[in-house]
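Down below is the structure, laid out as structure tokens.
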Protein chains: 2
Amino acid sequence: MSKAEKRDEIVRAALEIIAEHGFHGAPMAMIAEKAGVGAGTIYRYFENKDVLINELYRELEDRIYAAVLAGYSSDKPIRERFIYLGTAVLGYFIANPLDFRYLEQFHNSPYGMAYRRDRISGKKEDRDMYRELFEEGVAQQVIKDFPLVVLFALTFGPILPVARDHILNFIVLDDDLILRTIEACWDGVKR
Amino acid sequence: MSKAEKRDEIVRAALEIIAEHGFHGAPMAMIAEKAGVGAGTIYRYFENKDVLINELYRELEDRIYAAVLAGYSSDKPIRERFIYLGTAVLGYFIANPLDFRYLEQFHNSPYGMAYRRDRISGKKEDRDMYRELFEEGVAQQVIKDFPLVVLFALTFGPILPVARDHILNFIVLDDDLILRTIEACWDGVKR
DNA sequence: GCTTACAGAATGAATGTTCATTCCAGTATA
DNA sequence: TATACTGGAATGAACATTCATTCTGTAAGC
């Protein structure tokens with residue numbers, strides 16, 4: 001097994017275990033076992049557990065960004081772009097439940113708090129299609145004139161619990177219901 | 001200090017520390033110190049930490065329910081009731097940030113998962129004004145015909161992050177912005 | 001081609017720390 | 001005095017991290 005493959009195994013194992021059991025149900029020894037390496041080996045690739053957790057987060061973020069960006073076109077009308085982004089994000093979560101559950105764990109933890117703070121205070125670059133979309137929409141008077149965080153809340157607020165309920169089998173989302181849900185978010189955001 | 005007072009002190013201390021530091025930043029010894037009792041004493045009032053955590057949750061739920069119910073009148077029109085409930089809940093969270101942070105911690109933890117499961121599968125009685133409101137609204141064709149969980153997501157989905165952002169000082173919500181935010185939720189939910 | 005030597009990688013038992021929970025000597029209450 | 005309650009030290013389990021040791025692949029020497 002090459003060096004890169006081994007690193008990947010560790011990251012994959014961490015994703016799986018943390019997504020399923022939370023940060024505190026994921027001892028390094030368990031991650032090591034699932035990855036098929038010794039406990040000490042992880043520390044040859046990651047300085048400590050925090051670093052592993054943060055690097056995994058960055059990787060997931062990149063993957064989602066890439067997946068969603070693929071079909072995005074910034075010259076379509078605002079509404080169409082909004083619907084596309086919403087369905088794409090929700091679709092990604094449903095297709096990749098481990099990723100979703102990991103992101104949730106991360107966001108609802110001190111890691112996520114720190115990350116969020118950096119982001120809102122502008123310390124973090126964000127290549128964020130939503131921000132751009134909202135700003136344009138408000139300027140064009142197509143979207144309600146709210147602070148950005150409120151628009152984010154109106155959009156992702158409903159998407160995340162709906163994804164969670166689907167992943168946990170509390171509902172079944174088919175393509176039609178996904179679309180109607182995102183359209184309902186649009187109704188909340190549009191002028 | 002009477003027996004009941006001591007119990008209250010413990011519960012209050014737990015609320016404060018867990019809301020601020022999360023379940024894992026809240027050792028029993030720290031809760032005991034803040035409550036002004038010995039560590040062992042807590043175990044005379046609560047069988048173990050899990051019981052304490054769950055009882056505290058129930059208490060908060062009751063308080064919120066009572067606060068919101070106070071001004072609720074189930075014979076007003078659907079929209080008016082929706083707006084009232086939304087602003088009341090959001091207002092409660094803003095006025096009681098510790099309660100809000102505790103509830104968030106709880107919901108995003110294995111405790112909350114179990115609770116949620118019981119609730120959705122109907123094992124738990126819920127004296128839930130929202131459920132009733134949604135069912136009535138759908139029947140009257142005033143509200144979009146979605147599964148209940150989606151309607152919940154469209155309503156609470158935005159309320160919770162907005163409350164969090166306010167409590168963490170990422171935005172300042174005044175009465176006007178609160179009202180407009182809830183109205184936007186209504187736009188998402190109404191037909 | 002075959003052996004030997006060696007650097008770097010991998011291992012997992014051992015360590016130190018952080019808790020929840022228990023226990024009991026001391027204190028209040030009746 | 002007898003009973004119940006309290007504080008906080010003691011216990012033991014869980015876990016991240018370390019490090020002495022073992023393994024492995026490569027390259028030099030023959």
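Residue numbers start from 1 in every chain, and the chains themselves are labelled A, B, ... in the order their sequence lines are given, proteins ahead of strands. Predicted model only: the values in this text are computed from it and were never measured.
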(Q) With a 6.0 Å cut-off on the ring centroids, do His107(A) and Tyr57(A) count as close? (A) yes
Q) Residues in side-chain contact (heavy atoms from CB on, under 4.5 Å) with Glu33(A), at least two apart? A) none
(Q) Expected output is a numbered-order residue list: members of residues 12-25 of chain B with a heavy atom under 4.0 Å from any atom of DNA chain D. What is it? (A) none
Q | Met30(B) CE to dT18(C) C1', straight-line distance once rounded to whole Å | A | 11 Å
Side chains of residues 184-191 of chain A: which donor-acceptor pairs under 3.5 Å do they make with residues two or more places apart or in other chains?
unit_1, atom_1, unit_2, atom_2, d
Asp187(A), OD1, Lys190(A), NZ, 3.4
Asp187(A), OD2, Lys144(B), NZ, 2.8

Q: Look only at the side chain of His166(A) and the backbone of Leu173(A), and say whether a donor-acceptor pair between them is shorter than 3.5 Å.
A: yes
Kindly give the atom pairs (protein nitrogen or oxygen, nucleotide nitrogen or oxygen) under 3.5 Å for nucleotides 11-14 of chain C.
unit_1, atom_1, unit_2, atom_2, d
dT11(C), OP2, Gly38(A), N, 2.7
dT11(C), OP2, Thr41(A), OG1, 2.3
dG12(C), N7, Gly40(A), N, 3.1

Q.
Nearest whole Å is fine: how far is dA20(C) P from Lys49(B) NZ?
A. 4 Å
**Q.** Separation of dA9(C) P from Glu5(A) CD (nearest whole Å)
**A.** 16 Å
Q. Quick one: Met28(A) CE to dT17(C) P, roughly how many Å, whole number?
A. 19 Å
Q. Among pairs that include at least one residue of residues 36-52 of chain B, which meet side chain to side chain donor-acceptor pair (under 3.5 Å), considering only residues two or more places apart or in two chains?
A. Asp50(B)-Tyr111(B)
(Q) Among residues at least two apart in sequence or on other chains, which ones pass ring pair (Phe, Tyr, Trp, His ring centres under 6.0 Å) with Tyr130(A)? (A) Phe134(A), Phe156(A)
**Q.** Bend angle of the helix from dG1(C)-dC30(D) to dA30(C)-dT1(D), end axes from five pairs each (to 10°)
**A.** 10°
List, one per line, each side-chain donor-acceptor pair under 3.5 Å for residues 13-31 of chain B, sequence neighbours excluded.
unit_1, atom_1, unit_2, atom_2, d
Glu16(B), OE2, Lys34(B), NZ, 3.4
His21(B), ND1, Ile17(B), O, 3.3

Q: Figure out the CD/P separation between Glu33(A) and dA10(C), and round it to whole Å.
A: 18 Å
Q) To the nearest Å, how far apart are Asn48(A) CG and dC15(D) P? A) 17 Å
Q: Can you sort out the partners of Pro147(A) under side-chain contact (heavy atoms from CB on, under 4.5 Å), two or more places apart, ordered by chain and number?
A: Val149(A), Val150(A), Ile171(B), Leu177(B)
Just list the side-chain donor-acceptor pairs under 3.5 Å for residues 85-94 of chain B, sequence neighbours left out, or say none.
unit_1, atom_1, unit_2, atom_2, d
Thr87(B), OG1, Ile83(B), O, 2.9
Thr87(B), OG1, Tyr84(B), O, 3.0
Tyr92(B), OH, Asp99(B), OD2, 2.6

Q) Given atom CD of Glu47(B) and atom C1' of dA20(C), what is their separation to the nearest angstrom? A) 13 Å
Q: Output all residues satisfying salt bridge (Lys or Arg N to Asp or Glu O under 4.0 Å) with Arg164(B), sequence neighbours left out; order by chain, then residue number.
A: Glu104(B)
Q) salt bridge (Lys or Arg N to Asp or Glu O under 4.0 Å): which pairs involve residues 165-177 of chain A, sequence neighbours left out? A) Asp165(A)-Arg116(B), Asp176(A)-Arg180(A)
Q.
Let's see if you can work this out: which of dA20(C), dC15(D), dT18(D) has an atom nearest to the side-chain heavy atoms of Tyr43(B)?
A. dA20(C)
**Q.** Distance, rounded to the nearest Å, where Tyr45(B) contributes OH and dG7(D) contributes C1'
**A.** 12 Å
